[in-house]
Chemist: 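Structure below; questions to follow.
Every chain is numbered from 1 and lettered A, B, ... according to where its sequence line falls, protein lines coming before strand lines. All heavy atoms count here, side chains included; hydrogens, waters and symmetry mates do not. Only a predicted model underlies this, so the values are computations on that prediction, with no experimental measurement involved.
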2 protein chains.
Amino acid sequence: MSKAAAKTQVEFEYDGPSMKTEVPGPRSKELTKQLGEIQNVGAINFFCNYEESRGNYLVDVDGNRMLDVYTQISSIPIGYNHPSLIKVMSNPNNMSAFVNRPALGIMPPENFPEKLAESLLSVAPSGMSRVQTMACGSCSNENAYKAMFIWYRNKERGHNNPSDEDMSSCMINQSPGCPDFSILSFMGGFHGRTMGCLATTHSKAIHKLDVPSFDWPIAPFPKLKYPLEEFTRENAQEEARCLEEVEDLIVQWRQKGRPVAGIVIEPIQAEGGDNHATPDFFKKLRNIARKHGSAFHVDEVQTGGGATGKFWAHEHWGMDDPADIVSFSKKMLTGGYYHKDELQADKAYRIFNTWMGDPSKNLFLAEVLNVIRRENLLEEVTRSGKTLLQGLYQLQDQYPNLLSSARGQGTFCAIDIRDDATRNSILLKARDKGVLLGGCGDRSIRFRPALVFKEYHVHMFLNVFSDVLAEHN
Amino acid sequence: MSKAAAKTQVEFEYDGPSMKTEVPGPRSKELTKQLGEIQNVGAINFFCNYEESRGNYLVDVDGNRMLDVYTQISSIPIGYNHPSLIKVMSNPNNMSAFVNRPALGIMPPENFPEKLAESLLSVAPSGMSRVQTMACGSCSNENAYKAMFIWYRNKERGHNNPSDEDMSSCMINQSPGCPDFSILSFMGGFHGRTMGCLATTHSKAIHKLDVPSFDWPIAPFPKLKYPLEEFTRENAQEEARCLEEVEDLIVQWRQKGRPVAGIVIEPIQAEGGDNHATPDFFKKLRNIARKHGSAFHVDEVQTGGGATGKFWAHEHWGMDDPADIVSFSKKMLTGGYYHKDELQADKAYRIFNTWMGDPSKNLFLAEVLNVIRRENLLEEVTRSGKTLLQGLYQLQDQYPNLLSSARGQGTFCAIDIRDDATRNSILLKARDKGVLLGGCGDRSIRFRPALVFKEYHVHMFLNVFSDVLAEHN
């Protein structure tokens with residue numbers, strides 16, 4: 001059954017990249033110029049023909065067909081135009097969910113609890129039976145932070161009846177109603193770009209420059225040596241140093257009158273350079289959070305949805321009680337966050353906005369999860385990921401002056417390049433040969449294929465990548 | 001042509017409310033209990049059958065059919081299941097926009113510039129040819145604030161080359177990289193609930209309680225007497241008082257080292273109680289912003305999209321250069337903001353996130369705009385709005401102890417009720433009789449029908465409302 005289904009997907013796909021022009025080609029350039037009259041186009045790579053894109057292949061407007069190992073910044077779960085998703089669209093019973101977007105917080109559709117159960121709750125992280133949908137990753141983290149602040153303040157109060165002073169002072173942005181709480185984040189972390197999220201984002205200066213921020217504590221994220229299993233002693237020391245700093249910061253900020261209501265961390269720092277830490281680090285960090293009464297928020301916006309070979313990257317830690325809040329977006333197609341019961345806001349309209357997500361995205365997500373189960377995609381990801389990482393190790397041995405620190409879980413892999421300029425050149429050359437990759441951190445390449453990236457796609461990628469590396473040696 | 005089209009819409013609709021059970025009925029209660037296992041359901045009114053809802057009529061899961069004068073917190077532009085929107089869904093050419101959500105900032109679809117031109121730019125506010133889409137209202141305002149901060153800082157610098165100190169200090173949330181800039185907002189304003197937006201929202205304490213905020217200036221919004229034309233002298237005095245306070249605050253905050261980079265205001269304060277001000281007030285405020293070098297941001301998230309009888313509420317001010325930034329969401333189906341050329345971020349990746357909107361919403365918006373033009377809906381709104389406001393005036397004369405301050409533009413109307421408890425009772429009683437209304441402020445009822453709310457809907461509403469008022473006199 002699963003094999004037959006997998007075959008359908010394969011048949012639906014192209015058999016390899018096919019390049020017609022340089023990228024961006026003439027049509028992309030023309031459209032970029034047009035769009036430039038409307039928006040800043042400094043980040044535009046090229047324009048796409050999404051109608052013609054299939055599975056792992058993205059087709060651009062100049063007819064170039066590329067193997068997509070970046071998937072719209074890691075946000076396409078099962079490839080382009082998956083037949084099962086097209087079926088969702090074509091089902092007349094689903095029409096209304098697209099055409100009538102409700103205010104979910106006040107008047108949800110009849111099937112809303114059922115669709116949540118079928119989609120998000122069917123993959124809920126350990127210990128969590130509650131989930132709040134939101135429209136994007138930033139809104140998910142913003143509202144998760146708010147949930148932690150509300151929880152922390154009620155804990156501090158010992159009850160949930162705010163004083164008159166709380167109620168009046170909050171209206172003018174002042175404490176005690178707007179308390180000087182903080183969220184502890186990590187250098188190199190990325191949690192979004194709205195102002196609360198941005199205060200916890202520390203991956204690139206251009207994201208933060210000129211935007212007012214909060215005086216919140218920032219801990220060092222471990223800088224480990226790869227492969228992790230070959231440097232266990234040094235890595236353990238580095239992790240111990242960072243954990244010590246975390247505790248120091250929590251104490252310092254409490255003394256400053258800005259107690260740490262929550263700690264936010266990615267299981268793998270993605271935008272910041274695919275920085276890994278060991279399960280031991282996360283276990284100890286979780287314990288520190290508990291010890292100091294701070295909520296522990298695991299941001300799975302980029303890591304979640306199966307690319308690490310488990311549905312949630314934090315499942316690799318092997319803990320019974322890994323988190324208080326887990327946020328998601330991207331491959332989940334809807335934003336949102338899971339949370340423990342006690343992190344639910346105590347009153348209505350505290351975590352609220354007009355749309356609070358989008359039920360049409362829940363429909364697609366339910367089907368994506370069906371495909372993941374039916375096609376055993378987590379196993380496929382584990383298999384493809386092993387082949388990918390082994391390939392990267394081999395290339396790293398072959399080009400020791402060019403490559404280092406190959407690392408990854410599932411297909412969520414990365415490798416460091418000699419320097420920034422070489423990295424960028426490799427990205428462009430690979431694209432010219434029909435392989436689409438993304439950078440992250442200062443000089444890393446990150447691999448973010450869809451969950452339908454099979455072993456033969458890995459080999460196809462490695463062949464092209466090997467050719468490109470040969471040109472840069 | 002327009003009459004025939006209008007007829008189609010009429011024929012598609014029900015002929016009146018029809019109530020089968022109390023609201024929420026048994027099925028809604030059962031579903032609320034189910035959803036309560038997953039989320040806080042304190043704000044849930046009832047569950048809906050969106051498939052059966054049509055035009056101005058919302059059908060709930062217990063078979064109750066209500067005339068909807070609240071439209072999902074003012075976010076349904078042309079009623080439920082409009083045939084033109086269903087056509088958009090059924091067009092196979094549009095399939096790909098729903099199934100393959102792109103990262104718009106790097107790899108937009110071929111038709112993206114064209115769809116922006118056809119939809120958002122075709123209704124661009126005066127003087128604005130640039131628009132940035134976002135996923136929701138809060139993200140729109142957050143990013144508009146960032147655009148104002150970036151613009152202000154570059155103006156202050158005299159160039160756009162940040163110093164090394166800027167680049168390094170911003171990474172740790174410190175100035176000068178993260179400068180102590182502020183946004184001036186108004187008491188009673190609502191601009192969203194993410195942390196940047198929330199620092200400018202001052203409508204209800206429950207929105208802000210326990211969330212850290214920024215020390216930003218908050219000016220009084222004029223408390224005017226209605227009808228505005230009967231109290232011109234008192235109102236002009238009140239507006240002058242508020243404008244004086246605005247200037248004082250700008251000077252004070254500059255002296256504090258927290259200069260006002262932007263002023264944000266709604267043309268009609270909606271959540272805060274449908275508070276109006278005169279065109280003269282907004283003209284003078286715009287001039288104050290210019291004089292002090294602050295950007296002027298008009299938040300049309302709730303007022304935009306036609307409900308005031310003009311496409312943008314600020315068009316009623318009759319100014320050539322009304323704003324630097326105009327943000328939108330709700331009835332526009334996608335969030336985003338228009339801006340003057342100089343408010344465009346100078347570099348890539350400064351205003352950025354994974355999705356940056358959703359092209360499938362642009363498709364729907366383009367069709368909504370076609371319907372608005374084809375069916376002359378702005379004229380309809382003006383006509384229905386006049387009838388509605390006249391009806392409210394009459395009821396106010398009839399029930400002087402119960403009602404006051406009827407006010408509005410187009411169908412964007414409101415009226416004050418004696419007290420909070422009576423207001424809430426009226427809302428529930430009206431719902432029991434098949435008319436769905438919303439509250440705002442302390443004791444106001446706001447009317448937020450779709451643009452397809454015709455004069456005969458107004459009469460239907462007024463009849464029910466009149467009966468409900470008689471019960472409360």
Side-chain angles (χ1 to χ4, degrees), chain A residues 34-35 38 40 42-43 45 47-48 50-51 61 72-73 75 80 85 89 95-96 98-100 102-103 105-110 113 116 130 135-136 142 146 149-150 153 162 167 170-173 178 181 193-196 199 202 205-206 208-213 218 344-345 348-349 353-354, chain B residues 34-35 38 40 42-43 45 47-48 50-51 61 72-73 75 80 85 89 95-96 98-100 102-103 105-110 113 116 130 135-136 142 146 149-150 153 162 167 170-173 178 181 193-196 199 202 205-206 208-213 218 344-345 348-349 353-354:
Chain A
Q34 274 179 39
L35 188 60
I38 308 173
N40 184 317
N45 291 1
F47 280 70
C48 300
Y50 287 103
E51 290 77 10
V61 291
Q72 311 296 322
I73 321 179
S75 69
Y80 298 101
L85 298 187
M89 272 292 294
M95 192 83 82
S96 161
F98 290 91
V99 171
N100 308 297
I106 59 170
M107 296 176 188
E110 181 160 20
L116 284 180
R130 293 184 167 266
C136 71
E142 287 275 341
K146 284 169 65 175
F149 290 133
I150 292 168
R153 187 76 177 96
M167 297 299 275
C170 79
M171 289 296 279
I172 51 169
N173 298 11
C178 295
F181 291 162
R193 291 156 171 276
T194 50
M195 293 180 71
H202 317 280
I206 196 69
K208 293 173 68 74
L209 184 70
D210 300 343
V211 183
S213 195
I218 307 156
Q344 175 166 292
Y349 295 109
N353 60 45
T354 299
Chain B
Q34 273 179 38
L35 187 61
I38 306 173
N40 184 318
N45 291 0
F47 279 71
C48 300
Y50 287 103
E51 290 78 9
V61 290
Q72 311 296 322
I73 322 180
S75 68
Y80 298 101
L85 298 187
M89 273 291 296
M95 193 82 82
S96 161
F98 290 90
V99 171
N100 309 296
I106 59 171
M107 296 175 188
E110 180 159 23
L116 284 180
R130 292 184 168 265
C136 71
E142 287 275 341
K146 284 169 65 175
F149 291 133
I150 291 167
R153 187 76 177 98
M167 296 299 273
C170 80
M171 290 294 279
I172 51 168
N173 299 10
C178 295
F181 291 162
R193 292 155 170 277
T194 49
M195 293 180 71
H202 318 279
I206 197 70
K208 292 174 68 75
L209 184 69
D210 301 343
V211 183
S213 196
I218 308 157
Q344 175 166 292
Y349 295 108
N353 60 45
T354 300

Chemist: Main chain of B/Ser213, side chain of A/Asn173: is a donor-acceptor contact present, judged purely on distance under 3.5 Å?
Modeler: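 Looks like no, no N/O pair under 3.5 Å.
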Chemist: For the interface with chain B, which of A/Glu142, A/Met107, A/Gln34, A/Gln344 has the highest count of heavy-atom pairs at distances below 4.5 Å?
Modeler: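 Among the listed options, the one with the most contacts to chain B is A/Met107.
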Chemist: Can you tell which part of B/Ile38 gets under 4.5 Å to a heavy atom of chain A, answering side chain, backbone, both or neither?
Modeler: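 When you check distances to chain A, atoms from both the backbone and side chain of B/Ile38 fall under 4.5 Å.
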Chemist: If you count heavy-atom pairs under 4.5 Å with chain B, which of A/Ala135, A/Pro109, A/Gly196 comes out on top?
Modeler: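 Maximum pair count with chain B is reached by A/Pro109.
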Chemist: Relative to chain B, which of A/Met195, A/Arg193, A/Met95 shows the most heavy atom pairs under 4.5 Å?
Modeler: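 Result: the option with the highest number of such pairs is A/Arg193.
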Chemist: Looking only at atom types and distance, does a side-chain atom of A/Asn100 sit under 3.5 Å from a main-chain N or O of B/Tyr80, one as donor and one as acceptor?
Modeler: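 No, the answer is negative, given that no donor and acceptor are paired below the 3.5 Å cut-off.
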Chemist: So, does A/Glu110 use its side chain to make a donor-acceptor pair with the main chain of B/Phe47 at under 3.5 Å?
Modeler: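 A pair under 3.5 Å: no.
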Chemist: Out of B/Pro212, B/Ser96, B/Cys136, return the one with the most heavy atom pairs under 4.5 angstrom to chain A.
Modeler: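 It is B/Pro212.
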Chemist: Quick check: does any side chain N or O of B/Asp210 sit under 3.5 Å from a backbone N or O of A/Phe149, one acting as donor and the other as acceptor?
Modeler: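 Here the side-chain-to-backbone pair does not exist.
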Chemist: Under 4.5 Å, counting heavy-atom pairs only, tell me which of A/Ala345, A/Gly42, A/Ala348, A/Pro162 racks up the most with chain B.
Modeler: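 Max contact count across the listed options: A/Ala348.
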Chemist: Name the member of A/Cys178, A/Pro113, A/Ala43 that forms the most heavy-atom pairs with chain B at distances under 4.5 Å.
Modeler: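 It is A/Ala43.
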Chemist: If you count heavy-atom pairs under 4.5 Å with chain A, which of B/Met171, B/Lys146, B/His202, B/Arg153 comes out on top?
Modeler: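 Answer, by heavy-atom pair count under 4.5 Å with chain A: B/Met171.
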Chemist: Of all the heavy-atom pairs spanning B/Arg130 and A/Asn40, show the shortest one and how long it is.
Modeler: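 Looks like NH1-N, 4.2 Å.
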Chemist: Identify which part of B/Glu51 has an atom lying under 4.5 Å from any heavy atom of chain A, answering side chain, backbone, both or neither.
Modeler: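 Both backbone and side chain.
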Chemist: Taking A/Ile73, A/Leu209, A/Asn45, A/Val211 one by one, which has the highest count of heavy-atom pairs under 4.5 Å against chain B?
Modeler: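 Most heavy-atom pairs under 4.5 Å with chain B: A/Leu209.
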Chemist: Check ring-ring contact (aromatic ring centres under 6.0 Å, His included) between A/Phe181 and all other residues, then give those that pass, not counting sequence neighbours.
Modeler: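 With sequence neighbours excluded, A/Phe181 shows a ring-ring contact (aromatic ring centres under 6.0 Å, His included) to A/Tyr152, given in chain and number order.
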Chemist: For B/Pro102, which atoms come within 4.5 Å of any heavy atom of chain A: side chain, backbone, both, or neither?
Modeler: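 Both backbone and side chain of B/Pro102 come within 4.5 Å of chain A.
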Chemist: Is it the backbone or the side chain of A/Ile218 that comes under 4.5 Å from a heavy atom of chain B, or both, or neither?
Modeler: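 Only the side chain of A/Ile218 comes within 4.5 Å of chain B.
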Chemist: For A/Ser75, which residues count as a side chain to side chain contact (heavy atoms under 4.5 Å, CB included) partner, sequence neighbours excluded?
Modeler: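 Testing A/Ser75 for side chain to side chain contact (heavy atoms under 4.5 Å, CB included), a comparison that skips the adjacent residues, returns A/Gln72, A/Lys330, B/Thr354, B/Trp355.
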Chemist: For residues A/Cys170 and B/Lys208, report the shortest heavy-atom separation together with the two atoms involved.
Modeler: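 Result for this residue pair: O-CE, 2.7 Å.
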Chemist: Could you tell me which non-hydrogen atom of B/Pro108 sits nearest to which non-hydrogen atom of A/Leu35, and how far apart they are?
Modeler: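 So the two residues come closest at CG-CD2, 4.3 Å.
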Chemist: Under a 4.5 Å heavy-atom cut-off, does chain A meet the side chain of B/Leu85, its backbone, both or neither?
Modeler: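 Both the backbone and the side chain of B/Leu85 come within 4.5 Å of chain A.
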